[in-house]
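Below is one structure, written out as structure tokens; comments come after it.
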Amino acid sequence: MQILLRLLRPHLPVLILGLVLGLISNAANLAAPLATKRIIDTLGTGDALAGPITLLLVLVVIGAVIGLWQWILMGTLAEQVVLDARLSVIQRYFRARLAELTGRPTGELVTRVTADPGLLHQASSSIVGLINASLAFIATLVLMGTLDVVLLLCTLAAVAIVGAVMAVLLPTISKAQKAAQDAVGDLGGELEGTLRAMRTVKASRAEDRQGGRIEADARRAAAHNVRAARRAAWVWTVSWSGVSLAVIAVLGVGAWRADAGLLEVSSLIAFLLYAFQLMGPIGELTQNVTALQSGIAAARRISEVYAMESETSTPTPGSRVPDAPVLAVRNVTLRYTEEGPAALDDVSLTIPSRGHTAVVGPSGAGKTSLFSLLLRFLDPGSGEITLHGRPYRSLTHSEIRGELAYVEQEAPVVPGTIRENILFSHPRPPTANWRRC
Ligand SMILES: Nc1ncnc2c1ncn2[C@@H]1O[C@H](COP(=O)(O)OP(=O)(O)OP(=O)(O)O)[C@@H](O)[C@H]1O
Ligand SMILES: [Mg+2]
């Protein structure tokens, strides 16, 4: 929620304007039944009908124009929020420390730019919608109360049923939506990794197996979304039936009260119009709560990106030391995990500005680790590296990389465990036959 509010904060003036427009449009809609009542009341009195009818028309036009303006305003705002979220995630990816990015599946990182911000679209206007709908709902009930209290009680009973069903179902909808988003994230991760290793997949004839795993993620996302859709259908149906029930009750009780002379027919009609109008705020409330919930889930996934550590360096002015080697590594130690073994243990070397230097060693000796330090993808646990005599700590990442060229050692890895990767060509235990050969 906080992240969502943080994304919305720059748009506060537009949000407030949207809220005000929404309120005006609602007020126009709310006044319509009362204007209708006035028209009916004029019947038989001989007064001119033109006045009340013009009033009704003006109300409809004001409601429509303001509603249109508000819709366009909120639609534009929603796109702006989605764009802001996307841009901020993209910028954070490029500034993040390499370890933050390499630790997660790339495709999963991709969904945090593509799919998740998209869900903020609805959520951005949902806060305004919620306030609007709540006020419209309360105002409708109050106006109903001014018309007839007994009928209001009938309506409230139906509203209570609708409210109870919503209170139970709405949280489960958001849970299902969140699970679906996570499944889509997993799907992105698996798919991207597998596509990158497609040659290995095909050479190992693992298309079906690997495809099946990814399809399972897609199915999981669908299953969660279907559950959310079913619950949403229930919420809608119950709300609609609740309002219909209220209308029937109002009609029955109202007709009886009108017959007994306790209620004007025009009031009954106005009351019925309000009862029908209740569906608007109820529907809007459901829709906005659902949108807000999925927006909060998306914002949570985006906030995990915000928590990524960025590459920060504080450049301090200094100049090249003449005659210093291009690179000097002094007693450098590097560990990938705090308790783990040292990948580089007390390594020292100098690379002069002339000639060639080759770093040779068996697999796992630490060649790539050394280059990760030289390119400052990682920082050493202890020791120091200098570039033209200036320590890395006093240089920015960009200054260091500007002096170096690097060709990466490609090593595609299929998503899954190390065991699955090692056994990729032969996932099943070896047969007796196989052992004999
Ligand atoms: N990201 C990592 N997390 C944990 N340990 C790592 C990581 N990368 C490398 N290591 C470990 O650090 C040590 C040095 O690995 P490194 O990749 O630097 O070797 P290398 O000389 O480049 O090997 P190769 O010739 O196979 O490329 C190895 O023991 C390796 O298991
Ligand atoms: Mg290597």
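Atoms within each ligand, like the ligands themselves, are counted from 1 in listed order. Predicted, not measured: the structure shown is a model, and the values here were computed from it.
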Q: Verify the distance criterion only: is there a donor paired with an acceptor across the side chains of S88 and Y306 at less than 3.5 Å?
A: yes

Q.
Between H11 and D84, is there a side-chain donor-acceptor contact under 3.5 Å, judged purely by atom types and distance?
A. yes

Identity and distance of the protein heavy atom lying nearest [atom]:
atom: atom 10 (N) of ligand 1; answer: Y336 CE1, 3.3 Å
atom: atom 14 (C) of ligand 1; answer: G364 O, 3.4 Å
atom: atom 18 (O) of ligand 1; answer: S369 OG, 2.5 Å
atom: atom 17 (O) of ligand 1; answer: T368 CB, 3.7 Å
atom: atom 19 (O) of ligand 1; answer: G366 N, 3.2 Å
atom: atom 26 (O) of ligand 1; answer: S363 OG, 2.6 Å
atom: atom 12 (O) of ligand 1; answer: A343 CB, 3.3 Å
atom: atom 20 (P) of ligand 1; answer: K367 N, 3.4 Å

Q: Please report the C-alpha distance between R231 and T172 in whole Å, then the side-chain angles of each, then the deciding distance to 0.1 Å, and finally whether the side chain to side chain donor-acceptor pair (under 3.5 Å) criterion is met.
A: CA-CA 8 Å; R231 306 247 158 107; T172 65; 3.2 Å; yes

Looking at [X] and [Y], does any basic side-chain N land under 4.0 Å from a carboxylate oxygen?
X: D379; Y: R97; value: yes
X: R213; Y: E420; value: yes
X: R401; Y: E311; value: yes

Q: For atom CD1 of I418, decide whether the heavy atoms of other residues, nucleotides or ligands shown that lie under 6.0 angstrom number more than 12.
A: no

(Q) Using a 4.0 Å cutoff against the non-hydrogen atoms of A365, which atoms of ligand 1 qualify? (A) 19 (O), 21 (O)

(Q) Is it the case that ligand 1 has an N or O less than 3.5 angstrom from some N or O of L370? (A) no

Q | atom 31 (O) of ligand 1: any protein heavy atom closer than 4.0 Å | A | no

**Q.** Side-chain donor/acceptor of E403 to backbone N/O of I400, under 3.5 Å
**A.** no

Q) Does T368 bring an N, O or S atom to under 2.8 Å of the Mg ion (ligand 2)? A) yes

